[in-house]
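Numbering of residues begins at 1 and proceeds along the displayed sequence.
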Amino acid sequence: MSWRRSIAGGQTADYTEGVRLYRNSRYLQAIKRLESLRVRTDSIGRLAKFYRGMSHRAVGMDALQSGRFDLAERHLRAAAQCLGEQSDLASYLAKLYARTNRHTQCLRQMEQAAASRPDSVSTSRRLAQSQWAAGRRAEAYMTLSAAIRRLGGRAELYMQLGLFHAAEGRLAEARTALVRSVEADCTRYDTHRYLGLAAAAQSDHLAAAKSFQRAVQLQPNNVMLAYQLALAAKAAGEQGHQVAVHLPESVATPSGSRVLELARYVTTEHDFIEAMLNLPESEADGELFDLLAGVVRMALAEHPNYPDLHLCCSRILDRLGQGDEAMDYGRKAIQINPNYTQALLHLAELCAQAGREDEAIGLLQRAIANGADWPDVHCRIGELMKHRNAPNDARKHLQRALQLNANYGRAAEAMASLAA
(Lines give C-alpha, C1' and ligand atoms only; values in the text may rest on other atoms or scores of the structure.)
Protein backbone atom coordinates (compact mmCIF):
# COMPACT_ATOMS: atom_id res chain seq x y z
CA MET A 1 0.00 0.00 0.00
CA SER A 2 2.92 2.35 0.65
CA TRP A 3 3.80 2.66 -3.04
CA ARG A 4 0.18 3.57 -3.81
CA ARG A 5 0.22 6.29 -1.17
CA SER A 6 3.49 7.53 -2.60
CA ILE A 7 2.00 7.79 -6.09
CA ALA A 8 -1.14 9.53 -4.77
CA GLY A 9 0.99 11.97 -2.79
CA GLY A 10 3.11 12.71 -5.83
CA GLN A 11 0.07 13.34 -7.97
CA THR A 12 -1.42 15.69 -5.37
CA ALA A 13 1.86 17.59 -5.42
CA ASP A 14 1.69 17.74 -9.21
CA TYR A 15 -1.82 19.19 -8.98
CA THR A 16 -0.88 21.79 -6.38
CA GLU A 17 2.23 22.84 -8.31
CA GLY A 18 0.38 22.84 -11.62
CA VAL A 19 -2.32 25.16 -10.29
CA ARG A 20 0.34 27.43 -8.80
CA LEU A 21 2.11 27.63 -12.16
CA TYR A 22 -1.19 28.35 -13.89
CA ARG A 23 -2.07 31.14 -11.46
CA ASN A 24 1.35 32.65 -12.10
CA SER A 25 0.70 32.60 -15.88
CA ARG A 26 3.39 29.97 -16.50
CA TYR A 27 1.07 28.02 -18.74
CA LEU A 28 3.45 25.70 -20.58
CA GLN A 29 4.99 24.56 -17.31
CA ALA A 30 1.50 24.10 -15.84
CA ILE A 31 0.50 21.89 -18.76
CA LYS A 32 3.57 19.72 -18.29
CA ARG A 33 3.01 19.36 -14.56
CA LEU A 34 -0.71 18.60 -14.83
CA GLU A 35 -0.19 16.04 -17.58
CA SER A 36 0.59 13.33 -15.01
CA LEU A 37 -3.01 13.56 -13.78
CA ARG A 38 -4.53 12.81 -17.17
CA VAL A 39 -5.48 9.25 -16.20
CA ARG A 40 -7.35 10.27 -13.04
CA THR A 41 -11.13 10.51 -13.26
CA ASP A 42 -11.81 11.66 -9.69
CA SER A 43 -12.30 15.25 -8.53
CA ILE A 44 -8.60 16.08 -8.54
CA GLY A 45 -8.34 14.66 -12.06
CA ARG A 46 -11.29 16.73 -13.25
CA LEU A 47 -9.87 19.91 -11.74
CA ALA A 48 -6.48 19.18 -13.27
CA LYS A 49 -8.13 18.67 -16.65
CA PHE A 50 -9.87 22.02 -16.30
CA TYR A 51 -6.65 23.86 -15.50
CA ARG A 52 -4.78 22.01 -18.22
CA GLY A 53 -7.45 23.08 -20.69
CA MET A 54 -7.36 26.69 -19.50
CA SER A 55 -3.56 26.68 -19.81
CA HIS A 56 -3.79 25.38 -23.38
CA ARG A 57 -6.43 28.03 -24.04
CA ALA A 58 -4.21 30.85 -22.75
CA VAL A 59 -1.24 29.71 -24.87
CA GLY A 60 -3.49 29.23 -27.90
CA MET A 61 -5.11 32.63 -27.60
CA ASP A 62 -1.74 34.32 -27.24
CA ALA A 63 -0.49 32.51 -30.33
CA LEU A 64 -3.66 33.41 -32.22
CA GLN A 65 -3.30 37.06 -31.31
CA SER A 66 0.31 37.13 -32.51
CA GLY A 67 -0.39 35.30 -35.77
CA ARG A 68 1.32 32.00 -34.89
CA PHE A 69 -1.55 29.96 -36.25
CA ASP A 70 0.14 26.53 -36.20
CA LEU A 71 0.82 26.88 -32.47
CA ALA A 72 -2.65 28.33 -31.88
CA GLU A 73 -4.31 25.42 -33.66
CA ARG A 74 -2.44 22.83 -31.60
CA HIS A 75 -3.15 24.36 -28.22
CA LEU A 76 -6.74 25.38 -28.92
CA ARG A 77 -7.52 21.87 -30.10
CA ALA A 78 -6.12 20.53 -26.82
CA ALA A 79 -8.14 23.14 -24.91
CA ALA A 80 -11.34 22.09 -26.65
CA GLN A 81 -10.66 18.45 -25.76
CA CYS A 82 -10.27 19.38 -22.09
CA LEU A 83 -12.99 22.00 -21.75
CA GLY A 84 -15.62 20.55 -24.06
CA GLU A 85 -16.25 21.22 -27.69
CA GLN A 86 -19.12 23.31 -28.97
CA SER A 87 -21.29 21.62 -31.57
CA ASP A 88 -20.21 22.14 -35.16
CA LEU A 89 -22.28 22.15 -38.33
CA ALA A 90 -22.07 18.40 -38.79
CA SER A 91 -23.34 17.58 -35.29
CA TYR A 92 -26.01 20.23 -35.57
CA LEU A 93 -27.31 18.69 -38.77
CA ALA A 94 -27.01 15.20 -37.31
CA LYS A 95 -29.32 16.19 -34.47
CA LEU A 96 -31.66 18.06 -36.74
CA TYR A 97 -32.07 15.27 -39.26
CA ALA A 98 -31.84 12.29 -36.94
CA ARG A 99 -34.35 9.61 -37.86
CA THR A 100 -36.84 8.44 -35.25
CA ASN A 101 -40.10 6.57 -35.38
CA ARG A 102 -42.11 9.62 -34.37
CA HIS A 103 -41.41 12.06 -37.19
CA THR A 104 -44.86 11.61 -38.72
CA GLN A 105 -46.62 12.41 -35.46
CA CYS A 106 -44.27 15.33 -34.79
CA LEU A 107 -44.88 16.72 -38.27
CA ARG A 108 -48.65 16.48 -37.83
CA GLN A 109 -48.46 18.45 -34.59
CA MET A 110 -46.20 21.09 -36.13
CA GLU A 111 -48.56 21.51 -39.08
CA GLN A 112 -51.40 22.18 -36.64
CA ALA A 113 -49.26 24.64 -34.69
CA ALA A 114 -48.22 26.47 -37.85
CA ALA A 115 -51.84 26.75 -38.98
CA SER A 116 -52.81 28.35 -35.66
CA ARG A 117 -49.71 30.61 -35.47
CA PRO A 118 -48.93 31.66 -39.05
CA ASP A 119 -47.01 34.75 -37.89
CA SER A 120 -44.60 32.85 -35.64
CA VAL A 121 -41.06 32.69 -37.03
CA SER A 122 -40.00 29.87 -34.68
CA THR A 123 -43.09 27.79 -35.48
CA SER A 124 -42.47 28.11 -39.23
CA ARG A 125 -38.86 27.09 -38.73
CA ARG A 126 -39.77 24.05 -36.60
CA LEU A 127 -42.35 23.01 -39.17
CA ALA A 128 -39.69 23.12 -41.89
CA GLN A 129 -37.34 21.09 -39.70
CA SER A 130 -40.05 18.48 -39.09
CA GLN A 131 -40.81 18.23 -42.80
CA TRP A 132 -37.12 17.80 -43.57
CA ALA A 133 -36.70 15.13 -40.89
CA ALA A 134 -39.69 13.25 -42.31
CA GLY A 135 -38.07 13.18 -45.75
CA ARG A 136 -40.31 15.88 -47.26
CA ARG A 137 -37.48 18.20 -48.23
CA ALA A 138 -39.26 20.04 -51.05
CA GLU A 139 -42.05 20.96 -48.64
CA ALA A 140 -39.48 22.15 -46.10
CA TYR A 141 -38.00 24.56 -48.66
CA MET A 142 -41.48 25.77 -49.61
CA THR A 143 -42.38 26.34 -45.95
CA LEU A 144 -39.33 28.54 -45.45
CA SER A 145 -39.86 30.42 -48.72
CA ALA A 146 -43.51 31.10 -47.85
CA ALA A 147 -42.54 32.25 -44.35
CA ILE A 148 -39.90 34.61 -45.75
CA ARG A 149 -42.46 36.13 -48.13
CA ARG A 150 -45.06 36.41 -45.38
CA LEU A 151 -42.88 37.51 -42.45
CA GLY A 152 -40.01 39.24 -44.23
CA GLY A 153 -36.31 38.43 -44.26
CA ARG A 154 -35.93 37.11 -40.73
CA ALA A 155 -32.52 35.89 -39.62
CA GLU A 156 -33.73 32.52 -38.25
CA LEU A 157 -35.50 31.64 -41.49
CA TYR A 158 -32.51 32.48 -43.70
CA MET A 159 -30.16 30.61 -41.36
CA GLN A 160 -32.35 27.50 -41.56
CA LEU A 161 -32.48 27.81 -45.34
CA GLY A 162 -28.69 28.01 -45.42
CA LEU A 163 -28.39 24.87 -43.29
CA PHE A 164 -30.72 22.98 -45.61
CA HIS A 165 -28.63 23.98 -48.62
CA ALA A 166 -25.41 23.02 -46.83
CA ALA A 167 -26.82 19.61 -45.93
CA GLU A 168 -27.36 18.91 -49.62
CA GLY A 169 -23.92 20.18 -50.61
CA ARG A 170 -25.14 23.37 -52.29
CA LEU A 171 -22.57 25.54 -50.57
CA ALA A 172 -22.93 28.62 -52.79
CA GLU A 173 -26.68 28.76 -52.07
CA ALA A 174 -25.95 28.10 -48.39
CA ARG A 175 -23.55 31.03 -48.20
CA THR A 176 -26.04 33.33 -49.94
CA ALA A 177 -28.76 32.46 -47.44
CA LEU A 178 -26.41 32.77 -44.46
CA VAL A 179 -25.17 36.16 -45.66
CA ARG A 180 -28.79 37.32 -45.74
CA SER A 181 -29.24 35.96 -42.22
CA VAL A 182 -26.24 37.99 -41.04
CA GLU A 183 -27.60 41.08 -42.78
CA ALA A 184 -30.92 40.60 -40.98
CA ASP A 185 -29.27 40.14 -37.57
CA CYS A 186 -25.51 40.53 -37.21
CA THR A 187 -25.54 39.69 -33.49
CA ARG A 188 -26.02 35.93 -33.83
CA TYR A 189 -22.66 34.23 -33.40
CA ASP A 190 -23.99 30.89 -34.69
CA THR A 191 -24.85 32.37 -38.10
CA HIS A 192 -21.32 33.75 -38.46
CA ARG A 193 -19.98 30.32 -37.51
CA TYR A 194 -22.11 28.49 -40.07
CA LEU A 195 -21.11 31.04 -42.70
CA GLY A 196 -17.47 30.44 -41.83
CA LEU A 197 -17.91 26.67 -42.09
CA ALA A 198 -19.60 26.99 -45.47
CA ALA A 199 -16.83 29.29 -46.76
CA ALA A 200 -14.15 26.92 -45.46
CA ALA A 201 -15.87 24.01 -47.23
CA GLN A 202 -15.45 25.98 -50.48
CA SER A 203 -11.77 26.65 -49.62
CA ASP A 204 -12.50 30.37 -49.26
CA HIS A 205 -10.40 30.49 -46.13
CA LEU A 206 -10.01 34.25 -46.00
CA ALA A 207 -13.80 34.70 -45.91
CA ALA A 208 -14.03 31.88 -43.37
CA ALA A 209 -11.49 33.60 -41.11
CA LYS A 210 -13.48 36.84 -41.28
CA SER A 211 -16.69 35.06 -40.29
CA PHE A 212 -15.04 33.18 -37.43
CA GLN A 213 -13.45 36.45 -36.30
CA ARG A 214 -16.91 38.02 -35.99
CA ALA A 215 -18.22 34.96 -34.16
CA VAL A 216 -15.36 35.14 -31.65
CA GLN A 217 -16.08 38.82 -31.08
CA LEU A 218 -19.66 37.88 -30.16
CA GLN A 219 -18.76 34.85 -28.02
CA PRO A 220 -15.22 35.41 -26.79
CA ASN A 221 -14.98 32.42 -24.43
CA ASN A 222 -15.96 29.78 -26.99
CA VAL A 223 -12.82 27.68 -27.40
CA MET A 224 -14.07 25.85 -30.49
CA LEU A 225 -14.69 29.15 -32.31
CA ALA A 226 -11.15 30.25 -31.53
CA TYR A 227 -9.84 26.89 -32.79
CA GLN A 228 -11.82 27.24 -36.03
CA LEU A 229 -10.49 30.78 -36.43
CA ALA A 230 -6.95 29.49 -36.03
CA LEU A 231 -7.55 26.79 -38.66
CA ALA A 232 -9.05 29.27 -41.13
CA ALA A 233 -6.32 31.85 -40.56
CA LYS A 234 -3.63 29.22 -41.03
CA ALA A 235 -5.24 27.98 -44.27
CA ALA A 236 -5.69 31.55 -45.54
CA GLY A 237 -2.00 32.19 -44.87
CA GLU A 238 -1.09 29.12 -46.91
CA GLN A 239 -3.14 30.61 -49.76
CA GLY A 240 -1.04 33.78 -49.57
CA HIS A 241 -3.44 35.97 -47.61
CA GLN A 242 -2.43 38.06 -44.65
CA VAL A 243 -4.82 37.60 -41.72
CA ALA A 244 -4.76 39.93 -38.73
CA VAL A 245 -6.65 38.53 -35.77
CA HIS A 246 -8.18 40.96 -33.29
CA LEU A 247 -9.39 39.33 -30.10
CA PRO A 248 -11.67 40.95 -27.52
CA GLU A 249 -9.66 42.31 -24.63
CA SER A 250 -11.09 39.77 -22.16
CA VAL A 251 -9.76 36.95 -24.35
CA ALA A 252 -6.46 38.53 -25.28
CA THR A 253 -5.77 38.86 -21.55
CA PRO A 254 -7.49 35.79 -20.11
CA SER A 255 -6.53 36.30 -16.47
CA GLY A 256 -9.83 38.01 -15.70
CA SER A 257 -11.90 35.13 -17.02
CA ARG A 258 -10.06 32.14 -15.56
CA VAL A 259 -12.00 31.77 -12.35
CA LEU A 260 -15.21 32.93 -14.05
CA GLU A 261 -15.00 29.92 -16.37
CA LEU A 262 -14.68 27.59 -13.38
CA ALA A 263 -17.53 29.43 -11.63
CA ARG A 264 -19.80 28.78 -14.59
CA TYR A 265 -18.72 25.15 -14.56
CA VAL A 266 -19.56 24.54 -10.91
CA THR A 267 -22.91 26.31 -11.34
CA THR A 268 -24.07 23.57 -13.69
CA GLU A 269 -22.09 20.62 -12.28
CA HIS A 270 -23.65 20.19 -8.83
CA ASP A 271 -21.96 16.85 -8.17
CA PHE A 272 -18.55 18.44 -8.71
CA ILE A 273 -18.53 20.37 -5.42
CA GLU A 274 -20.07 17.40 -3.61
CA ALA A 275 -17.21 15.23 -4.83
CA MET A 276 -14.67 17.85 -3.73
CA LEU A 277 -16.16 18.07 -0.25
CA ASN A 278 -15.99 14.28 0.09
CA LEU A 279 -12.24 14.27 -0.51
CA PRO A 280 -10.20 13.17 2.52
CA GLU A 281 -8.37 15.92 4.35
CA SER A 282 -4.91 16.69 3.01
CA GLU A 283 -2.20 19.32 3.03
CA ALA A 284 -3.71 20.79 -0.15
CA ASP A 285 -7.01 21.61 1.58
CA GLY A 286 -6.19 25.22 2.40
CA GLU A 287 -5.32 26.32 -1.11
CA LEU A 288 -7.83 24.03 -2.82
CA PHE A 289 -10.89 25.00 -0.77
CA ASP A 290 -9.90 28.66 -0.53
CA LEU A 291 -9.88 28.73 -4.32
CA LEU A 292 -13.16 26.80 -4.45
CA ALA A 293 -14.79 29.25 -2.04
CA GLY A 294 -13.76 32.13 -4.29
CA VAL A 295 -15.16 30.32 -7.30
CA VAL A 296 -18.52 29.70 -5.65
CA ARG A 297 -18.71 33.32 -4.48
CA MET A 298 -18.16 34.39 -8.07
CA ALA A 299 -20.91 32.04 -9.21
CA LEU A 300 -23.16 33.58 -6.54
CA ALA A 301 -22.45 37.04 -7.93
CA GLU A 302 -24.14 35.90 -11.15
CA HIS A 303 -26.80 33.74 -9.43
CA PRO A 304 -27.47 35.30 -5.99
CA ASN A 305 -30.80 33.48 -5.60
CA TYR A 306 -29.48 29.94 -5.98
CA PRO A 307 -29.89 28.38 -2.50
CA ASP A 308 -27.77 25.36 -3.42
CA LEU A 309 -24.80 27.61 -4.19
CA HIS A 310 -25.19 29.33 -0.81
CA LEU A 311 -25.23 25.90 0.84
CA CYS A 312 -22.13 24.84 -1.12
CA CYS A 313 -20.33 27.98 -0.01
CA SER A 314 -21.34 27.33 3.59
CA ARG A 315 -20.01 23.77 3.47
CA ILE A 316 -16.73 24.87 1.89
CA LEU A 317 -16.21 27.59 4.52
CA ASP A 318 -16.98 25.06 7.24
CA ARG A 319 -14.25 22.84 5.81
CA LEU A 320 -11.91 25.83 6.00
CA GLY A 321 -12.84 26.36 9.66
CA GLN A 322 -14.66 29.65 9.03
CA GLY A 323 -17.74 28.79 11.07
CA ASP A 324 -19.37 32.21 11.47
CA GLU A 325 -19.25 32.98 7.76
CA ALA A 326 -20.38 29.44 6.97
CA MET A 327 -23.47 30.03 9.11
CA ASP A 328 -24.20 33.28 7.27
CA TYR A 329 -24.31 31.46 3.93
CA GLY A 330 -26.37 28.64 5.43
CA ARG A 331 -28.94 31.13 6.72
CA LYS A 332 -29.08 32.77 3.30
CA ALA A 333 -29.86 29.42 1.67
CA ILE A 334 -32.78 28.92 4.07
CA GLN A 335 -33.93 32.50 3.61
CA ILE A 336 -34.24 31.85 -0.13
CA ASN A 337 -35.82 28.41 0.35
CA PRO A 338 -37.29 27.94 3.85
CA ASN A 339 -38.03 24.27 3.08
CA TYR A 340 -34.48 23.37 2.03
CA THR A 341 -34.03 20.32 4.24
CA GLN A 342 -30.35 19.77 3.49
CA ALA A 343 -29.57 23.39 4.37
CA LEU A 344 -31.61 23.17 7.59
CA LEU A 345 -29.68 20.08 8.72
CA HIS A 346 -26.31 21.56 7.77
CA LEU A 347 -26.96 24.86 9.54
CA ALA A 348 -28.26 23.01 12.61
CA GLU A 349 -24.97 21.15 12.91
CA LEU A 350 -22.99 24.37 12.52
CA CYS A 351 -25.07 25.96 15.29
CA ALA A 352 -24.61 22.93 17.53
CA GLN A 353 -20.84 23.08 17.05
CA ALA A 354 -20.89 26.79 17.92
CA GLY A 355 -22.84 26.16 21.14
CA ARG A 356 -26.10 27.56 19.78
CA GLU A 357 -28.05 24.50 20.77
CA ASP A 358 -31.51 26.08 20.98
CA GLU A 359 -31.15 27.40 17.42
CA ALA A 360 -29.90 23.99 16.29
CA ILE A 361 -32.89 22.24 17.88
CA GLY A 362 -35.29 24.66 16.18
CA LEU A 363 -33.70 24.05 12.78
CA LEU A 364 -33.85 20.27 13.22
CA GLN A 365 -37.52 20.51 14.18
CA ARG A 366 -38.19 22.54 11.03
CA ALA A 367 -36.42 19.85 9.02
CA ILE A 368 -38.64 17.16 10.55
CA ALA A 369 -41.73 19.24 9.77
CA ASN A 370 -40.51 19.41 6.16
CA GLY A 371 -40.33 15.63 5.91
CA ALA A 372 -36.98 14.74 7.50
CA ASP A 373 -38.61 12.26 9.92
CA TRP A 374 -35.39 10.30 10.06
CA PRO A 375 -33.75 8.41 12.93
CA ASP A 376 -30.49 10.37 12.84
CA VAL A 377 -32.33 13.71 12.98
CA HIS A 378 -34.41 12.61 16.00
CA CYS A 379 -31.30 11.19 17.63
CA ARG A 380 -29.44 14.50 17.19
CA ILE A 381 -32.32 16.47 18.69
CA GLY A 382 -32.44 14.01 21.58
CA GLU A 383 -28.72 14.47 22.25
CA LEU A 384 -29.03 18.24 22.18
CA MET A 385 -32.10 18.25 24.43
CA LYS A 386 -30.35 15.96 26.87
CA HIS A 387 -27.47 18.43 26.97
CA ARG A 388 -30.00 21.24 27.54
CA ASN A 389 -31.44 19.36 30.55
CA ALA A 390 -34.74 18.55 28.86
CA PRO A 391 -34.80 14.77 29.44
CA ASN A 392 -38.50 14.23 28.74
CA ASP A 393 -38.32 15.90 25.31
CA ALA A 394 -35.04 14.15 24.62
CA ARG A 395 -36.62 10.79 25.45
CA LYS A 396 -39.49 11.37 22.98
CA HIS A 397 -37.10 12.00 20.10
CA LEU A 398 -34.81 9.12 21.00
CA GLN A 399 -37.80 6.79 21.18
CA ARG A 400 -38.88 7.98 17.74
CA ALA A 401 -35.37 7.32 16.42
CA LEU A 402 -35.48 3.77 17.75
CA GLN A 403 -39.01 3.29 16.42
CA LEU A 404 -37.72 4.19 12.95
CA ASN A 405 -34.56 2.07 13.36
CA ALA A 406 -34.59 -0.45 16.17
CA ASN A 407 -30.88 -1.22 15.62
CA TYR A 408 -29.71 2.39 15.89
CA GLY A 409 -26.91 1.95 18.43
CA ARG A 410 -26.20 5.64 18.93
CA ALA A 411 -29.84 6.38 19.86
CA ALA A 412 -29.91 3.34 22.15
CA GLU A 413 -26.80 4.56 23.97
CA ALA A 414 -28.29 8.03 24.41
CA MET A 415 -31.51 6.51 25.72
CA ALA A 416 -29.58 4.34 28.18
CA SER A 417 -27.65 7.37 29.45
CA LEU A 418 -30.96 9.11 30.22
CA ALA A 419 -32.01 6.22 32.43
CA ALA A 420 -28.70 6.15 34.28
Side-chain angles (χ1 to χ4, degrees), residues 85-115 118 120-186 188-215 218-219 222 224-225 227-229 231-232 235-236 239:
E85 297 185 4
Q86 304 294 323
S87 61
D88 56 12
L89 179 60
S91 61
Y92 178 90
L93 291 173
K95 291 178 183 178
L96 178 61
Y97 310 134
R99 298 285 178 176
T100 71
N101 294 325
R102 293 176 293 175
H103 277 314
T104 301
Q105 297 93 316
C106 177
L107 176 56
R108 188 178 302 116
Q109 292 176 352
M110 287 308 307
E111 287 173 337
Q112 293 174 356
S120 169
V121 173
S122 60
T123 300
S124 295
R125 183 185 178 192
R126 287 198 297 271
L127 173 58
Q129 291 173 342
S130 298
Q131 290 169 329
W132 186 283
R136 293 158 59 175
R137 296 189 173 190
E139 291 181 46
Y141 280 118
M142 287 190 289
T143 294
L144 289 178
S145 298
I148 289 171
R149 288 194 303 271
R150 185 172 65 253
L151 305 175
R154 305 294 287 271
E156 284 183 77
L157 298 174
Y158 275 125
M159 184 177 75
Q160 189 61 63
L161 183 61
L163 291 174
F164 284 165
H165 284 309
E168 294 192 316
R170 294 198 294 271
L171 297 175
E173 291 91 337
R175 290 179 67 180
T176 298
L178 291 169
V179 166
R180 289 179 179 174
S181 180
V182 168
E183 291 171 348
D185 183 357
C186 63
R188 296 179 62 104
Y189 87 92
D190 49 353
T191 311
H192 290 293
R193 180 182 62 178
Y194 295 139
L195 184 56
L197 288 167
Q202 286 192 306
S203 298
D204 190 351
H205 299 297
L206 182 60
K210 290 179 179 178
S211 291
F212 289 131
Q213 171 77 84
R214 292 169 187 160
L218 292 169
Q219 199 171 71
N222 189 316
M224 182 53 70
L225 285 179
Y227 173 56
Q228 290 168 330
L229 173 56
L231 285 175
Q239 289 180 338

Nearest heavy-atom pair of [X] and [Y]: which atoms, and what distance?
X      : Y      : result
Asp185 : Ala155 : CB-CB, 3.6 Å
Ala140 : Ala128 : CB-O, 3.4 Å
Ala199 : Ala208 : CB-N, 3.8 Å
Ala198 : Leu171 : O-CD1, 4.5 Å
Leu218 : Cys186 : CD1-O, 3.6 Å
His205 : Ala200 : CE1-O, 3.8 Å

What distance separates [X] [atom1] from [Y] [atom2], expressed to the nearest 0.5 Å?
X      : Y      : atom1 : atom2 : value
Leu127 : Glu139 : CG    : CD    : 9.0 Å
Glu156 : Ser181 : CD    : OG    : 8.5 Å
Leu157 : Ser145 : CG    : OG    : 10.0 Å
Arg125 : Thr143 : CZ    : OG1   : 13.5 Å
Leu197 : Phe212 : CG    : CZ    : 4.0 Å
Glu183 : Thr191 : CD    : OG1   : 12.0 Å

If we only count heavy atoms from C-beta on, is the [X] to [Y] side-chain gap below 4.5 Å?
X      : Y      : value
Val182 : Leu195 : yes
Tyr158 : Leu144 : no
Arg150 : Ser124 : yes

Q: Specify whether Phe164 and Trp132 have parallel, tilted or perpendicular ring planes, treating 30° as the upper limit for parallel and 60° as the lower limit for perpendicular.
A: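 Because their plane-to-plane angle is under 30°, the rings of Phe164 and Trp132 count as parallel.
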
Q. Looking at His192, Glu173, Met159, which hits side chain to side chain contact (heavy atoms under 4.5 Å, CB included) with Leu178?
A.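 Of the listed options, the one satisfying the test is Met159.
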
Q. Between the side chain of Thr176 and the main-chain N/O of Ala172, is any donor-acceptor distance below 3.5 Å?
A.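 Between the backbone of Ala172 and the side chain of Thr176 there is a qualifying donor-acceptor contact (under 3.5 Å).
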
Q | Side-chain donor/acceptor of Gln129 to backbone N/O of Gln160, under 3.5 Å | A |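 Checked: no pair found.
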
Q | Pairs where residues 194-215 contributes a residue and the test salt bridge (Lys or Arg N to Asp or Glu O under 4.0 Å) is met, not counting sequence neighbours | A |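 Checked against salt bridge (Lys or Arg N to Asp or Glu O under 4.0 Å) - neighbours excluded - the pairs reaching residues 194-215 are Arg175-Asp204.
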
Q) Got a sec, which residues hit salt bridge (charged side-chain N to carboxylate O under 4.0 Å, His left out) with Glu168, two or more places apart in sequence or on another chain? A)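 Salt bridge (charged side-chain N to carboxylate O under 4.0 Å, His left out) check on Glu168 returns Arg137, Arg170.
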
